Amino acid sequence: MKNIKFALLLVLAALSLLWWWADPLLTQGDTYFALRTLAVNYTGVLAMGTMSVAMILALRPAALEPLLGGMDKAYRLHKWLGIAGLSIGVAHWLWAKGTKWAVGWGWLEKPARGPRPEQTVELFRFFQEQRGLAESIGEWAFYLFAVLAAIALIKRFPYRRFVQTHRVMAAVYLALVVHGVVLLPFAYWTQPVGTVLGVLMAAGSWAALRSLAGRIGSGRRAHGRVERVVQHPDNQVLEVGLRLDTPWPGHQAGQFAFVTFDEREGPHPFTISSAWGGDGRMDFMIKPLGDYTRRLPATLKAGDPVRVEGPYGRFDFSGAQARQIWVAGGIGITPFVARMQARTQDEAHAGAGAGAAAPVDLFYSTSAPDEGFIARLRELAAQARVKLHVLVSQRDGRLDADGICRKVPDWKLAGVWFCGPAGFGATLRDTLAARGLPAERFHQELFEMR
């Protein structure tokens, strides 16, 4: 989370500094309309800058994962940049429209303005002639942006509708770029703020065009077939095994991929629940959390075509600590299943003479126990030499930091990996931090795409 907050603040601070450099407050008058001009310019720079960075992140640039801590963190930053862009856009709209309303209602008197100085640059002269059109484009694009942002943030809208409407956001962004390019003060283009904003809008426009063409992630796609489908009725987990027919770069335990079973539905992100063996096979565990995933058990069958994009994510299990503690809530067990398989493979390849891997305690908390599923977990944990603690909430109560610390007396020497409900993870992180666990030893996947 620190990387996300830092990146968001860095974007806002850098844009603010560049704007102030180009348009310092002291060079403007002290009238309301001078202040309004400053506010409109400032909020416009911030809104276009943040939305451009958000659009770039929509390309799923794997190169940024090490900086942000994984694609799940990049998507969280994308979300908050979008929220920031919308909030700043509202302020920009209010400064622009509110003043016009106040003049129309007689609350403000618009100062007399002489003729605009003649533009000697042909391109800027053209921009000057298009100001009215650019203002109208920006206004209506802003209204549509606000509606699409609400659909993205309100989770009652089905994921399928979110994906379909969110793609329209790329077209809206392109309209806002037209608005921004035409109305950006001409003097800004000769300043660093103009250069940076121009680069951001150009990169964002490229990302928007790729999104509209359905080309996001196209270089990281593999195709194959569903090989097996296993339903666990008690915990409603659907296990899906795939066999890829085209090259796959391999993956690490803890990574995820975007999987398309139905082209009309589009890609859904799922954590990979198997270690990579180089044979084209990979597994996913899917929980029915929406209309689409609830329909999968009835519609998905062996032989169906599938497309996989990835891998993404930095939820790795590296660490210098003497032991590890893994905490899984519900379907959050998925990355740990993959890691236990990889751990078993590693020990088999290393041979008897290799040193023992760090001891691991895995806490699996579930409200819907499935005996067959848990039996398989126990077998896998035994093979990987992982100490498994299964807690059924109706029988054992809710898992918390007290229970973990009692079960693992030397927990202060461990690194903690958590995957499960975000609120559960935040509480666990804060409680352990208050007891002395360094923040960098708590690893949490923020697996939410909206």
Side-chain angles (χ1 to χ4, degrees), residues 11-12 15-16 18-20 22-52 54-55 80-119 124-154 165 168-189 193-194 197 200-201 204:
V11 170
L12 294 173
L15 291 169
S16 298
L18 290 170
W19 167 81
W20 181 82
D23 207 352
L25 299 174
L26 295 178
T27 65
Q28 303 294 326
D30 57 358
T31 66
Y32 168 81
F33 283 91
L35 175 63
R36 184 244 189 184
T37 299
L38 282 172
V40 168
N41 291 342
Y42 177 50
T43 54
V45 167
L46 283 187
M48 284 310 306
T50 53
M51 285 189 285
S52 296
M55 198 70 239
W80 283 107
L81 283 166
I83 292 172
L86 176 61
S87 302
I88 297 166
V90 169
H92 180 78
W93 175 76
L94 286 173
W95 275 107
K97 298 292 290 185
T99 299
K100 293 180 179 179
W101 293 335
V103 169
W105 297 333
W107 296 357
L108 287 173
E109 183 177 349
K110 189 175 182 179
R113 185 172 63 185
R116 293 180 182 272
E118 184 178 353
Q119 270 296 334
F124 289 164
R125 185 184 298 119
F126 173 76
F127 284 174
Q128 198 171 66
E129 294 169 354
Q130 307 304 317
R131 288 184 64 86
L133 177 61
E135 287 177 355
S136 296
I137 289 173
E139 181 180 352
W140 288 103
F142 167 72
Y143 297 148
L144 186 54
F145 175 70
V147 171
L148 294 174
I151 292 174
L153 294 172
I154 300 173
T165 57
V168 179
M169 192 76 82
V172 173
Y173 170 79
L174 291 174
L176 290 171
V177 167
V178 172
H179 171 83
V181 168
V182 172
L183 296 180
L184 191 74
F186 302 142
Y188 283 16
W189 290 112
V193 66
L197 206 55
L200 289 177
M201 288 191 290

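None of these values were measured; they are calculated from a predicted model.
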- Item | Residue list, side-chain contact (heavy atoms from CB on, under 4.5 Å) with A39, at least two apart or on another chain | W95
- Message: How about CZ on F126, more than 12 heavy atoms from neighbouring residues, nucleotides or ligands closer than 6.0 Å, or not?
- Response: no
- Does E139 have any salt bridge (charged side-chain N to carboxylate O under 4.0 Å, His left out) partners at least two apart in sequence or in another chain, and if so, which? K97
- Taking side-chain contact (heavy atoms from CB on, under 4.5 Å) as the test, write out the residues that go with I137, two or more places apart. L133, A175, V178
- Contacts of T43 that satisfy side-chain hydrogen bond (donor to acceptor under 3.5 Å, both in side chains) - sequence neighbours left out: H92
- Partners of Y42 by side-chain hydrogen bond (donor to acceptor under 3.5 Å, both in side chains), sequence neighbours excluded? S16
- Are any of the side-chain heavy atoms of L200 and M48 separated by less than 4.5 Å? no
- Query: Does F127 have any side-chain contact (heavy atoms from CB on, under 4.5 Å) partners at least two apart in sequence or in another chain, and if so, which?
  - Reply: L123, F124, V181, V182, F186
- Query: Do any pairs count as a salt bridge (Lys or Arg N to Asp or Glu O under 4.0 Å) and have a residue in residues 84-96, sequence neighbours left out, and if so which ones?
  - Reply: none
- Query: Tell me the side-chain hydrogen bond (donor to acceptor under 3.5 Å, both in side chains) pairs involving residues 176-185, sequence neighbours left out?
  - Reply: none
- Message: I want to check something: taking the side chain as every heavy atom from C-beta on, are W80 and V11 in contact at a cut-off of under 4.5 Å?
- Response: no
- T37 and its side chain to side chain contact (heavy atoms under 4.5 Å, CB included) partner, picked from N41, V40, L35: N41
- Query: Who pairs with F142 by side-chain contact (heavy atoms from CB on, under 4.5 Å), at least two apart in sequence or on another chain?
  - Reply: L86, V90, W93
- Message: Just so I know, are the side chains of Y188 and L197 near enough to count as touching, which here means a heavy-atom distance under 4.5 Å?
- Response: no
